[in-house]
Amino acid sequence: MGHGTLPRLFSPVTDPSSVDLEKVANVIVEQSLRDATFSKESGKMCYTIIQICHSVPQAESKESGRSIFRSSLLNRLQTEYRNREEMRARSVQEWVCYVSFICNIFDYLRINNMPMLALVNPVYDCLFQLAQPESLQREEEVDCLVLQLHKVGEQLEKMNAQKMDELFSLLRDSFLLQNALGSLAQLLLLEMIEYRAAGWKMTDAAQKYYYSEVSE
């Protein structure tokens with residue numbers, strides 16, 4: 001299913017009742033698992049759909065549209081989450097797309113201006129898997145871990161600081177004890193450890209150092 005399928009589904013969304021929002025949620029998840037670029041944009045897309053539902057004049061349609069879409073999305077995310085080990089064994093690419101997708105949903109979707117609590121532990125579990133020694137041997141998993149921590153690390157820490165401490169303890173151990181880590185993985189882990197230590201900010205000196213190293 002290509003990108004062209006989505007506009008056809010979304011084009012009538014002036015009234016969510018005229019669209020099968022459960023189907024839309026499933027299409028977004030399926031496409032996100034296949035397409036790394038799409039998975040990075042999916043959170044923004046889901047946010048837009050919920051905003052469209054919110055703009056519907058009738059209060060009943062407004063609430064039901066948002067609820068149907070959000071619950072369908074969460075149900076599908078939960079199903080894929082339960083199967084994450086099989087997914088990773090089957091295709092690392094699909095697994096990395098899933099992590100990117102769930103982190104994007106966590107980043108964009110809010111309830112009462114707060115991140116969705118139901119996603120906090122699943123997102124942490126995915127990041128912990130990416131921080132395991134075997135995952136750190138794969139460049140695509142290291143890249144995914146670092147990108148998602150840049151994106152949602154600060155928000156996640158606010159939701160559960162103890163878990164973030166545990167995650168970074170694991171990353172520090174891996175950095176110090178894993179002789180098999182490639183030089184790029186070591187560089188990215190060190191950059192992330194220092195990024196969090198600086199309050200989830202990249203200092204000018206660090207940016208100059210790390211990005212000149214990566215470019216070389």
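Every value quoted in this text rests on a predicted model; they were computed, and no experiment measured them.
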- Message: One pair to check against side chain to side chain contact (heavy atoms under 4.5 Å, CB included): E141 and Q132. What are the steps and the verdict?
- Response: CA-CA 10 Å; E141 291 192 273; Q132 296 303 312; over 6 Å; no
**Q.** Test side chain to side chain contact (heavy atoms under 4.5 Å, CB included) applied to V24 and D20, step by step
**A.** CA-CA 6 Å; V24 172; D20 185 341; 5.9 Å; no
Quick one: do M45 and F38 satisfy side chain to side chain contact (heavy atoms under 4.5 Å, CB included)? Show the steps, please. CA-CA 10 Å; M45 184 179 295; F38 188 90; 3.8 Å; yes
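Listed by first then second residue, pairs satisfying salt bridge (charged side-chain N to carboxylate O under 4.0 Å, His left out) with a partner in residues 89-98 read R90-E94, not counting sequence neighbours.
Between the side chain of S169 and the main chain of E166, no donor-acceptor pair closer than 3.5 Å is present. In this structure, Y98 contributes its side chain and L77 its backbone to a donor-acceptor pair below 3.5 Å. In terms of modelled atom types and a separation under 3.5 Å, the side chain of S91 and the main chain of M87 share no donor-acceptor contact. Side-chain atoms of N104 come within 3.5 Å of backbone atoms of S100 as a donor-acceptor pair (strictly under, hydrogens ignored). Counting only distance, with no hydrogens or angles, the side chain of N75 and the backbone of S71 share a donor-acceptor pair below 3.5 Å. Looking at N112, its side chain never comes within 3.5 Å of a backbone N or O of M114 through a donor-acceptor pair.
Both the sub-6.0 Å distance and the 45° axial angle are satisfied by R196 relative to the ring of F168. At least one test fails for R172 against the ring of F175: distance under 6.0 Å to the centre or angle within 45° of the axis.
Between W95 and Q129 the shortest side-chain heavy-atom distance falls below 4.5 Å. No side-chain heavy atom of C144 sits less than 4.5 Å from a side-chain heavy atom of E140. The side-chain heavy atoms of L181 and V142, taken from C-beta on, include no pair separated by under 4.5 Å. Between Q78 and R82, the closest side-chain pair of non-hydrogen atoms falls below 4.5 Å. Contact annotation: the side chain of N26 never approaches that of S72 to less than 4.5 Å [non-hydrogen atoms, C-beta and beyond].
Note that CE of M159 and CE of M116 are 11.0 Å apart. Values are rounded to the nearest 0.5 Å. Separating the CD atom in E154 from the CG atom in L149 is a distance of 12.0 Å, to the nearest 0.5 Å. Atom CG of L73 sits about 9.5 Å away from atom CD1 of I102, to the nearest 0.5 Å. To the nearest 0.5 angstrom, E80 atom CD is 5.0 Å from L33 atom CG. Rounded to the nearest 0.5 Å, atoms CG (L171) and CG (L127) are 9.0 Å apart. Separating the CD1 atom in I28 from the NZ atom in K23 is a distance of 13.0 Å, to the nearest 0.5 Å.
For the pair F106 and P115, the tightest heavy-atom approach, listed with the atom from each and the gap, is CE1-CB, 3.5 Å. In terms of heavy atoms, S174 sits closest to A131 at OG-O, 3.8 Å. The two atoms that bring F101 and S32 nearest to each other are CD1-OG, 3.3 Å, heavy atoms only. Closest approach of V99 and C126 over heavy atoms only: CG2-CB, 4.0 Å. Considering all non-hydrogen atoms of both residues, G43 and L109 come closest at O-CD1, 4.1 Å. Across A118 and P122, no two heavy atoms sit closer than the pair O-CD, 3.3 Å.
Ring geometry, Y195 versus W200: the interplanar angle exceeds 60°, so the pair is classed perpendicular (tilted spans 30 to 60°).
The residues E22 and R76 are annotated as not salt-bridged, no charged nitrogen and carboxylate oxygen being separated by less than 4.0 angstrom.
Cluster membership check: L147 does not share its hydrophobic cluster with L184, using side-chain heavy-atom separations under 4.5 Å among Ile, Leu, Val, Met, Phe, Trp and Tyr.
Looking at R88 and S135, their side chains do bring a donor and an acceptor atom within 3.5 Å of each other.
By the side chain to side chain contact (heavy atoms under 4.5 Å, CB included) test, Y124 is found to be paired with V120, F128, L156, N160, K163, M164, residues two or more places apart in sequence or in another chain being considered. E86 is linked by a salt bridge (Lys or Arg N to Asp or Glu O under 4.0 Å) to nothing, counting only residues two or more places apart in sequence or in another chain.
Checking each of L145, D125, D143 against L130 for a side-chain contact (heavy atoms from CB on, under 4.5 Å) leaves exactly one that passes, namely L145.
No more than 12 heavy-atom neighbours from other residues, nucleotides or ligands sit within 6.0 angstrom of CD on E139.
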